[in-house]
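Here is the structure we will look at, set down as C-alpha coordinates.
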Amino acid sequence: MKTKMHRIYLDYAATTPVLPEVAAEVQKVMLAEFGNPSSLHQDGQKAREYRETTREQVSQAIKAKPDEIFFTSGGTESDHLAVLGIAHALKNKGNHIITSSIEHSAVLGACQILEEEGFQITRLPASSNGLVEPESLKKAIKKESVLVTIMMANNEIGTIQPIEELVKIAKLHNLYFHTDAVQAFPYLTIDVQNLAVDALTISAHKIYAPKGVGALYLKRGTPFKPLSLGGEQERKVRPGTENMPGIAGFGKAAAILMRDRDKDSKKILTLRSKLENSLMEKISHVLLNGDPEKRLPGFLNLTFKHVDGEALLINLDLSKISCSAGSACAAGAADPSRVLIAIGRTPDEAKSSIRFSLGKFTSSEDIEAVLKILPQSVQKLRAASSLSYTA
Ligand SMILES: *Cc1c(COP(=O)(O)O)cnc(C)c1O
(Lines give C-alpha, C1' and ligand atoms only; values in the text may rest on other atoms or scores of the structure.)
Protein backbone atom coordinates (compact mmCIF):
# COMPACT_ATOMS: atom_id res chain seq x y z
CA MET A 1 0.00 0.00 0.00
CA LYS A 2 1.15 3.51 -0.78
CA THR A 3 0.06 6.87 0.59
CA LYS A 4 -2.34 7.97 -2.11
CA MET A 5 -3.23 11.59 -2.71
CA HIS A 6 -6.24 11.84 -4.99
CA ARG A 7 -6.41 15.59 -4.88
CA ILE A 8 -4.27 18.59 -4.08
CA TYR A 9 -4.26 18.29 -0.33
CA LEU A 10 -3.35 21.52 1.46
CA ASP A 11 -4.91 20.82 4.84
CA TYR A 12 -2.08 19.10 6.73
CA ALA A 13 -2.88 21.19 9.82
CA ALA A 14 -6.27 19.42 9.99
CA THR A 15 -4.73 15.98 9.60
CA THR A 16 -2.02 14.15 7.68
CA PRO A 17 -2.10 10.98 5.59
CA VAL A 18 -0.66 7.89 7.30
CA LEU A 19 2.75 6.82 5.97
CA PRO A 20 2.98 3.29 4.50
CA GLU A 21 5.61 2.21 7.08
CA VAL A 22 3.35 3.49 9.83
CA ALA A 23 0.29 1.71 8.42
CA ALA A 24 2.31 -1.53 8.21
CA GLU A 25 3.19 -1.23 11.90
CA VAL A 26 -0.45 -0.54 12.82
CA GLN A 27 -1.56 -3.56 10.82
CA LYS A 28 1.03 -5.83 12.43
CA VAL A 29 -0.15 -4.89 15.91
CA MET A 30 -3.80 -5.35 14.93
CA LEU A 31 -3.41 -8.73 13.26
CA ALA A 32 -0.37 -10.48 14.68
CA GLU A 33 0.62 -8.81 17.95
CA PHE A 34 -2.85 -8.16 19.32
CA GLY A 35 -2.25 -8.88 22.99
CA ASN A 36 -3.38 -6.73 25.87
CA PRO A 37 -0.28 -5.13 27.39
CA SER A 38 -1.71 -5.66 30.87
CA SER A 39 -1.82 -9.46 30.39
CA LEU A 40 0.91 -11.46 32.07
CA HIS A 41 1.35 -14.07 29.33
CA GLN A 42 3.67 -13.79 26.36
CA ASP A 43 1.08 -12.14 24.10
CA GLY A 44 0.77 -9.42 26.70
CA GLN A 45 4.51 -9.17 27.05
CA LYS A 46 4.89 -8.69 23.31
CA ALA A 47 2.30 -5.89 23.41
CA ARG A 48 4.17 -4.25 26.27
CA GLU A 49 7.32 -4.31 24.18
CA TYR A 50 5.57 -2.45 21.36
CA ARG A 51 4.17 0.08 23.81
CA GLU A 52 7.53 0.68 25.47
CA THR A 53 9.33 0.99 22.12
CA THR A 54 6.93 3.79 21.22
CA ARG A 55 7.47 5.39 24.61
CA GLU A 56 11.21 5.44 23.85
CA GLN A 57 10.68 6.84 20.36
CA VAL A 58 8.28 9.55 21.48
CA SER A 59 10.40 10.51 24.49
CA GLN A 60 13.51 10.80 22.30
CA ALA A 61 11.61 13.03 19.87
CA ILE A 62 11.06 15.65 22.58
CA LYS A 63 14.13 14.86 24.73
CA ALA A 64 12.02 13.58 27.64
CA LYS A 65 12.58 10.53 29.81
CA PRO A 66 10.41 7.55 28.78
CA ASP A 67 8.53 7.52 32.09
CA GLU A 68 7.44 11.11 31.46
CA ILE A 69 5.37 10.08 28.41
CA PHE A 70 1.71 9.11 28.87
CA PHE A 71 -0.36 7.82 25.95
CA THR A 72 -3.78 9.34 25.41
CA SER A 73 -6.49 9.40 22.75
CA GLY A 74 -4.99 12.50 21.12
CA GLY A 75 -4.26 16.18 21.46
CA THR A 76 -7.65 17.08 22.88
CA GLU A 77 -7.39 14.59 25.72
CA SER A 78 -3.77 15.50 26.47
CA ASP A 79 -4.72 19.18 26.69
CA HIS A 80 -7.57 18.36 29.09
CA LEU A 81 -5.42 16.07 31.24
CA ALA A 82 -2.67 18.68 31.51
CA VAL A 83 -4.84 21.70 32.24
CA LEU A 84 -7.45 20.04 34.46
CA GLY A 85 -5.14 17.47 36.04
CA ILE A 86 -2.54 20.03 37.14
CA ALA A 87 -5.09 22.71 38.15
CA HIS A 88 -7.08 20.23 40.24
CA ALA A 89 -3.92 19.05 42.00
CA LEU A 90 -3.03 22.66 42.86
CA LYS A 91 -6.52 23.76 43.88
CA ASN A 92 -5.53 24.40 47.46
CA LYS A 93 -2.53 26.48 46.44
CA GLY A 94 -4.30 28.88 44.09
CA ASN A 95 -7.11 29.12 41.61
CA HIS A 96 -5.82 31.43 38.87
CA ILE A 97 -4.91 30.06 35.43
CA ILE A 98 -3.33 32.08 32.62
CA THR A 99 -3.85 31.16 28.97
CA SER A 100 -4.07 33.03 25.66
CA SER A 101 -7.01 34.11 23.54
CA ILE A 102 -5.73 32.14 20.53
CA GLU A 103 -5.43 28.67 22.07
CA HIS A 104 -6.82 25.55 20.41
CA SER A 105 -10.44 24.94 21.37
CA ALA A 106 -9.30 21.96 23.49
CA VAL A 107 -7.33 24.22 25.85
CA LEU A 108 -10.00 26.91 25.83
CA GLY A 109 -12.57 24.22 26.61
CA ALA A 110 -10.54 22.87 29.53
CA CYS A 111 -10.18 26.42 30.87
CA GLN A 112 -13.91 26.93 30.54
CA ILE A 113 -14.52 23.83 32.66
CA LEU A 114 -12.17 25.23 35.29
CA GLU A 115 -13.97 28.56 35.19
CA GLU A 116 -17.28 26.81 35.85
CA GLU A 117 -15.61 25.09 38.81
CA GLY A 118 -14.67 28.47 40.28
CA PHE A 119 -11.15 29.01 38.92
CA GLN A 120 -10.28 32.47 37.58
CA ILE A 121 -9.00 32.47 34.01
CA THR A 122 -6.96 35.24 32.37
CA ARG A 123 -6.83 35.03 28.56
CA LEU A 124 -3.84 37.00 27.30
CA PRO A 125 -4.32 38.96 24.08
CA ALA A 126 -2.27 38.39 20.93
CA SER A 127 -0.53 41.09 18.88
CA SER A 128 -1.59 41.76 15.28
CA ASN A 129 1.04 39.18 14.24
CA GLY A 130 -0.48 36.59 16.53
CA LEU A 131 2.21 36.75 19.22
CA VAL A 132 1.57 36.60 22.95
CA GLU A 133 3.75 39.31 24.50
CA PRO A 134 5.87 38.14 27.46
CA GLU A 135 5.17 41.51 29.07
CA SER A 136 1.44 40.72 29.17
CA LEU A 137 2.15 37.46 31.03
CA LYS A 138 4.24 39.36 33.58
CA LYS A 139 1.35 41.73 34.23
CA ALA A 140 -1.23 38.97 34.54
CA ILE A 141 0.52 37.01 37.30
CA LYS A 142 -0.97 37.37 40.77
CA LYS A 143 -0.55 35.54 44.04
CA GLU A 144 -3.35 33.04 43.26
CA SER A 145 -1.73 32.06 39.92
CA VAL A 146 -0.71 28.40 39.63
CA LEU A 147 -0.63 27.36 35.96
CA VAL A 148 0.11 28.90 32.56
CA THR A 149 -1.02 27.17 29.36
CA ILE A 150 0.09 28.74 26.09
CA MET A 151 0.50 26.94 22.79
CA MET A 152 3.87 26.57 21.06
CA ALA A 153 2.49 27.38 17.61
CA ASN A 154 -0.98 28.32 16.47
CA ASN A 155 -3.10 25.94 14.42
CA GLU A 156 -4.75 28.60 12.23
CA ILE A 157 -1.95 31.02 11.42
CA GLY A 158 1.15 28.99 12.37
CA THR A 159 2.66 31.75 14.52
CA ILE A 160 5.42 30.44 16.80
CA GLN A 161 5.17 31.83 20.33
CA PRO A 162 8.19 32.99 22.37
CA ILE A 163 7.73 29.96 24.65
CA GLU A 164 11.23 30.10 26.18
CA GLU A 165 10.66 33.65 27.41
CA LEU A 166 7.14 32.89 28.61
CA VAL A 167 8.33 29.85 30.56
CA LYS A 168 11.14 31.86 32.15
CA ILE A 169 8.65 34.42 33.44
CA ALA A 170 6.32 31.71 34.75
CA LYS A 171 9.20 29.96 36.50
CA LEU A 172 10.36 33.17 38.19
CA HIS A 173 6.98 33.06 39.93
CA ASN A 174 6.99 29.28 40.53
CA LEU A 175 4.08 28.67 38.16
CA TYR A 176 3.59 25.40 36.30
CA PHE A 177 3.63 25.61 32.50
CA HIS A 178 1.81 23.51 29.89
CA THR A 179 2.21 24.00 26.15
CA ASP A 180 0.16 22.54 23.31
CA ALA A 181 2.84 21.55 20.79
CA VAL A 182 0.57 19.63 18.42
CA GLN A 183 1.28 21.88 15.42
CA ALA A 184 4.88 22.67 16.37
CA PHE A 185 5.95 19.02 16.71
CA PRO A 186 6.00 18.26 12.95
CA TYR A 187 8.38 21.18 12.33
CA LEU A 188 10.35 22.36 15.37
CA THR A 189 13.05 20.78 17.49
CA ILE A 190 11.50 20.28 20.89
CA ASP A 191 13.65 19.79 23.97
CA VAL A 192 11.46 19.70 27.06
CA GLN A 193 14.45 19.89 29.39
CA ASN A 194 15.83 23.06 27.82
CA LEU A 195 12.35 24.51 27.56
CA ALA A 196 11.69 23.68 31.20
CA VAL A 197 7.96 23.13 30.62
CA ASP A 198 6.10 20.85 33.03
CA ALA A 199 3.62 19.46 30.54
CA LEU A 200 3.42 19.29 26.75
CA THR A 201 0.83 17.94 24.33
CA ILE A 202 1.42 16.15 21.01
CA SER A 203 -0.88 14.24 18.67
CA ALA A 204 -0.10 11.36 16.30
CA HIS A 205 -2.35 12.29 13.39
CA LYS A 206 -0.50 15.54 12.80
CA ILE A 207 2.73 13.56 12.19
CA TYR A 208 1.50 11.01 9.61
CA ALA A 209 0.15 8.43 12.08
CA PRO A 210 -3.50 7.44 12.75
CA LYS A 211 -6.10 9.57 14.48
CA GLY A 212 -7.13 8.79 18.03
CA VAL A 213 -3.75 8.60 19.72
CA GLY A 214 -1.46 11.18 21.28
CA ALA A 215 0.80 11.77 24.21
CA LEU A 216 1.11 13.96 27.24
CA TYR A 217 4.57 14.78 28.51
CA LEU A 218 4.43 15.27 32.27
CA LYS A 219 7.71 16.19 33.93
CA ARG A 220 8.62 13.94 36.86
CA GLY A 221 7.12 15.27 40.07
CA THR A 222 4.48 17.48 38.44
CA PRO A 223 1.37 17.62 40.65
CA PHE A 224 -1.43 15.80 38.86
CA LYS A 225 -4.92 14.58 39.69
CA PRO A 226 -6.32 12.05 37.18
CA LEU A 227 -9.63 12.77 35.46
CA SER A 228 -10.69 9.13 35.12
CA LEU A 229 -10.35 6.30 37.55
CA GLY A 230 -10.10 2.69 36.50
CA GLY A 231 -7.20 0.42 35.71
CA GLU A 232 -3.54 0.95 36.38
CA GLN A 233 -2.67 1.73 32.77
CA GLU A 234 -0.31 4.65 32.12
CA ARG A 235 0.45 4.68 35.84
CA LYS A 236 -3.12 5.80 36.61
CA VAL A 237 -2.65 9.12 34.78
CA ARG A 238 -4.80 7.70 32.00
CA PRO A 239 -6.50 4.40 32.80
CA GLY A 240 -8.10 2.26 30.08
CA THR A 241 -6.72 -0.41 27.74
CA GLU A 242 -4.26 1.22 25.39
CA ASN A 243 -4.92 1.90 21.69
CA MET A 244 -2.10 -0.47 20.78
CA PRO A 245 -2.23 -0.27 16.95
CA GLY A 246 -2.31 3.52 17.20
CA ILE A 247 0.51 3.60 19.73
CA ALA A 248 2.70 1.34 17.57
CA GLY A 249 2.07 3.58 14.54
CA PHE A 250 2.76 6.69 16.61
CA GLY A 251 6.22 5.38 17.56
CA LYS A 252 7.11 4.58 13.98
CA ALA A 253 5.92 8.03 12.85
CA ALA A 254 7.95 9.74 15.61
CA ALA A 255 11.10 7.89 14.49
CA ILE A 256 10.49 8.87 10.86
CA LEU A 257 9.85 12.45 11.93
CA MET A 258 13.25 12.57 13.63
CA ARG A 259 14.87 11.23 10.46
CA ASP A 260 13.06 13.50 7.98
CA ARG A 261 11.98 16.65 9.83
CA ASP A 262 14.79 19.03 8.84
CA LYS A 263 14.81 17.94 5.21
CA ASP A 264 11.00 18.07 4.93
CA SER A 265 10.74 21.43 6.68
CA LYS A 266 13.20 22.98 4.23
CA LYS A 267 11.33 21.65 1.22
CA ILE A 268 7.96 22.71 2.60
CA LEU A 269 9.24 26.22 3.37
CA THR A 270 10.48 26.65 -0.22
CA LEU A 271 7.08 25.62 -1.59
CA ARG A 272 5.23 27.82 0.90
CA SER A 273 7.35 30.85 -0.02
CA LYS A 274 6.65 30.26 -3.70
CA LEU A 275 2.91 30.03 -3.04
CA GLU A 276 2.91 33.08 -0.77
CA ASN A 277 5.00 35.35 -3.00
CA SER A 278 3.22 34.41 -6.21
CA LEU A 279 -0.27 34.80 -4.75
CA MET A 280 0.64 38.22 -3.36
CA GLU A 281 1.89 39.18 -6.81
CA LYS A 282 -1.09 37.84 -8.76
CA ILE A 283 -3.92 38.93 -6.49
CA SER A 284 -4.59 42.39 -5.10
CA HIS A 285 -5.98 43.22 -1.68
CA VAL A 286 -4.55 40.18 0.09
CA LEU A 287 -3.46 40.24 3.74
CA LEU A 288 -1.12 37.75 5.41
CA ASN A 289 -2.40 36.49 8.76
CA GLY A 290 0.24 35.65 11.35
CA ASP A 291 3.87 36.60 11.68
CA PRO A 292 5.82 36.85 8.40
CA GLU A 293 8.90 35.26 10.02
CA LYS A 294 7.99 33.50 13.27
CA ARG A 295 5.74 31.04 11.50
CA LEU A 296 5.73 27.26 10.95
CA PRO A 297 6.96 26.40 7.42
CA GLY A 298 3.72 24.71 6.39
CA PHE A 299 1.33 27.56 7.14
CA LEU A 300 -0.13 30.22 4.86
CA ASN A 301 -3.28 31.98 6.07
CA LEU A 302 -4.50 34.74 3.76
CA THR A 303 -7.38 37.20 3.74
CA PHE A 304 -8.75 37.83 0.25
CA LYS A 305 -10.63 41.04 0.84
CA HIS A 306 -14.19 41.20 -0.48
CA VAL A 307 -14.33 37.48 -1.19
CA ASP A 308 -16.66 35.12 0.64
CA GLY A 309 -14.20 32.59 2.07
CA GLU A 310 -16.74 29.79 2.09
CA ALA A 311 -17.58 30.31 -1.58
CA LEU A 312 -13.86 30.33 -2.35
CA LEU A 313 -13.37 27.07 -0.45
CA ILE A 314 -16.18 25.45 -2.42
CA ASN A 315 -14.71 26.70 -5.70
CA LEU A 316 -11.30 25.30 -4.79
CA ASP A 317 -12.88 22.05 -3.65
CA LEU A 318 -14.56 21.65 -7.05
CA SER A 319 -11.11 22.17 -8.60
CA LYS A 320 -9.82 19.30 -6.41
CA ILE A 321 -7.99 21.52 -3.94
CA SER A 322 -8.52 20.80 -0.23
CA CYS A 323 -7.80 23.64 2.15
CA SER A 324 -9.70 25.21 4.98
CA ALA A 325 -11.12 28.34 6.54
CA GLY A 326 -9.59 28.54 9.98
CA SER A 327 -9.30 25.29 11.88
CA ALA A 328 -11.01 22.00 11.15
CA CYS A 329 -12.40 22.00 14.66
CA ALA A 330 -14.26 25.26 14.02
CA ALA A 331 -15.43 24.27 10.53
CA GLY A 332 -19.13 24.50 10.05
CA ALA A 333 -19.38 27.28 12.59
CA ALA A 334 -20.98 30.35 11.07
CA ASP A 335 -18.94 32.64 13.33
CA PRO A 336 -15.76 34.22 12.00
CA SER A 337 -12.50 32.69 13.26
CA ARG A 338 -11.89 33.61 16.88
CA VAL A 339 -8.12 33.64 16.25
CA LEU A 340 -8.37 36.08 13.34
CA ILE A 341 -10.64 38.35 15.37
CA ALA A 342 -8.15 38.18 18.27
CA ILE A 343 -5.34 39.45 15.98
CA GLY A 344 -7.48 42.37 14.87
CA ARG A 345 -9.15 41.28 11.64
CA THR A 346 -12.71 42.53 11.13
CA PRO A 347 -15.46 39.89 10.98
CA ASP A 348 -15.69 40.44 7.20
CA GLU A 349 -11.94 40.00 6.78
CA ALA A 350 -11.99 36.90 8.95
CA LYS A 351 -14.74 35.42 6.79
CA SER A 352 -12.62 36.14 3.69
CA SER A 353 -9.70 34.08 4.96
CA ILE A 354 -8.28 30.73 3.89
CA ARG A 355 -5.67 28.52 5.54
CA PHE A 356 -3.35 26.57 3.25
CA SER A 357 -1.27 24.06 5.15
CA LEU A 358 1.43 22.19 3.26
CA GLY A 359 3.14 18.93 4.16
CA LYS A 360 5.35 16.02 3.23
CA PHE A 361 3.61 15.17 -0.03
CA THR A 362 3.04 18.71 -1.31
CA SER A 363 4.72 19.04 -4.73
CA SER A 364 5.68 22.01 -6.87
CA GLU A 365 3.03 20.77 -9.34
CA ASP A 366 0.43 21.21 -6.58
CA ILE A 367 1.61 24.76 -5.99
CA GLU A 368 1.59 25.56 -9.71
CA ALA A 369 -1.97 24.27 -9.99
CA VAL A 370 -3.13 26.45 -7.08
CA LEU A 371 -1.39 29.46 -8.62
CA LYS A 372 -3.37 28.87 -11.81
CA ILE A 373 -6.76 28.22 -10.22
CA LEU A 374 -6.91 30.51 -7.19
CA PRO A 375 -6.44 33.93 -8.88
CA GLN A 376 -9.24 33.06 -11.32
CA SER A 377 -11.56 31.96 -8.51
CA VAL A 378 -10.88 35.13 -6.54
CA GLN A 379 -11.46 37.28 -9.62
CA LYS A 380 -14.70 35.49 -10.44
CA LEU A 381 -16.05 35.85 -6.90
CA ARG A 382 -15.08 39.50 -6.68
CA ALA A 383 -16.68 40.21 -10.08
CA ALA A 384 -19.87 38.48 -9.00
CA SER A 385 -20.12 40.49 -5.80
CA SER A 386 -21.43 44.04 -6.04
CA LEU A 387 -18.04 45.35 -4.98
CA SER A 388 -15.73 46.63 -7.68
CA TYR A 389 -12.55 44.82 -6.71
CA THR A 390 -10.77 42.69 -9.28
CA ALA A 391 -7.98 40.21 -8.77
C1 LIG B 1 -5.23 19.09 16.13
C2 LIG B 1 -4.91 19.88 17.34
C3 LIG B 1 -5.35 19.46 18.61
C4 LIG B 1 -6.26 18.29 18.82
O5 LIG B 1 -5.62 17.07 18.60
P6 LIG B 1 -6.55 15.77 18.36
O7 LIG B 1 -5.57 14.65 18.34
O8 LIG B 1 -7.21 16.01 17.02
O9 LIG B 1 -7.53 15.70 19.46
C10 LIG B 1 -4.97 20.19 19.71
N11 LIG B 1 -4.20 21.29 19.59
C12 LIG B 1 -3.78 21.73 18.39
C13 LIG B 1 -2.91 22.94 18.31
C14 LIG B 1 -4.12 21.05 17.22
O15 LIG B 1 -3.71 21.50 16.05
Side-chain angles (χ1 to χ4, degrees), residues 9-18 22 26 54 58 62 69-84 99-113 123 126 130-132 149-161 163 178-188 190 197 199-217 227 238 240 242-243 245-247 249-250 253-254 257 289-290 295-301 323-333 337-340 342 355-359:
Y9 186 77
L10 293 172
D11 207 8
Y12 283 81
T15 196
T16 59
V18 173
V22 172
V26 170
T54 294
V58 169
I62 60 169
I69 300 296
F70 298 87
F71 296 119
T72 68
S73 66
T76 301
E77 187 187 352
S78 295
D79 281 340
H80 274 75
L81 283 175
V83 174
L84 296 173
T99 184
S100 85
S101 54
I102 58 165
E103 291 303 303
H104 188 269
S105 48
V107 167
L108 288 184
C111 288
Q112 198 181 324
I113 293 175
R123 296 171 181 86
L131 292 163
V132 176
T149 173
I150 295 176
M151 68 201 324
M152 194 171 280
N154 183 265
N155 52 299
E156 289 192 36
I157 55 179
T159 300
I160 302 165
Q161 298 300 340
I163 288 293
H178 164 252
T179 189
D180 177 334
V182 172
Q183 293 292 346
F185 189 40
Y187 292 108
L188 305 183
I190 297 178
V197 290
L200 180 141
T201 291
I202 52 178
S203 175
H205 77 100
K206 308 281 170 85
I207 64 157
Y208 309 91
K211 295 153 192 64
V213 60
L216 172 64
Y217 158 79
L227 301 186
R238 203 275 188 180
E242 298 87 338
N243 168 6
I247 288 172
F250 189 16
L257 180 66
N289 297 313
R295 181 162 42 120
L296 296 174
F299 280 73
L300 181 62
N301 189 316
C323 52
S324 107
S327 71
C329 317
S337 149
R338 150 178 79 63
V339 171
L340 295 181
R355 176 188 70 187
F356 302 95
S357 49
L358 290 64

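Along the sequence shown, residues are numbered consecutively beginning with 1. Whatever order the structure lists ligands and atoms in, that order sets their numbers, starting from 1.
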Quiz prompt | ligand 1 to N155 polar contact by distance, N or O atoms, under 3.5 Å | solution = no
Quiz item: Any N/O of Q183 closer than 3.5 Å to an N/O of ligand 1?
Solution: yes
Enumerated ligand 1 atoms positioned under 4.0 Å from heavy atoms of [X]:
X: G74; value: 7 (O)
X: D79; value: 10 (C), 11 (N)
X: T76; value: 4 (C), 5 (O), 6 (P), 9 (O)

Is the backbone of [Y] close enough, under 3.5 Å, to the side chain of [X] for a donor and an acceptor to pair up by distance?
X: S203; Y: K206; answer: no
X: S78; Y: A215; answer: yes
X: N301; Y: E156; answer: yes

Quiz item: Given G75, A184, A106, which one has a non-hydrogen atom that is nearest to atom 5 (O) of ligand 1?
Solution: G75
Quiz item: Applying a 4.0 Å heavy-atom criterion (strictly less than), which segment of H205 is in contact with ligand 1: side chain, backbone, both, or neither?
Solution: side chain
Exercise. Between K206 and ligand 1, find which residue part has any heavy-atom pair under 4.0 Å and reply side chain, backbone, both or neither.
Key: side chain
Exercise. Check salt bridge (Lys or Arg N to Asp or Glu O under 4.0 Å) between E103 and all other residues, then give those that pass, not counting sequence neighbours.
Key: none
Quiz prompt | Name of the residue among D11, L10, L300, N155 meeting side-chain contact (heavy atoms from CB on, under 4.5 Å) with S357 | solution = D11
Quiz item: Can you check whether P210 reaches V22 side chain to side chain, under 4.5 Å on heavy atoms?
Solution: yes
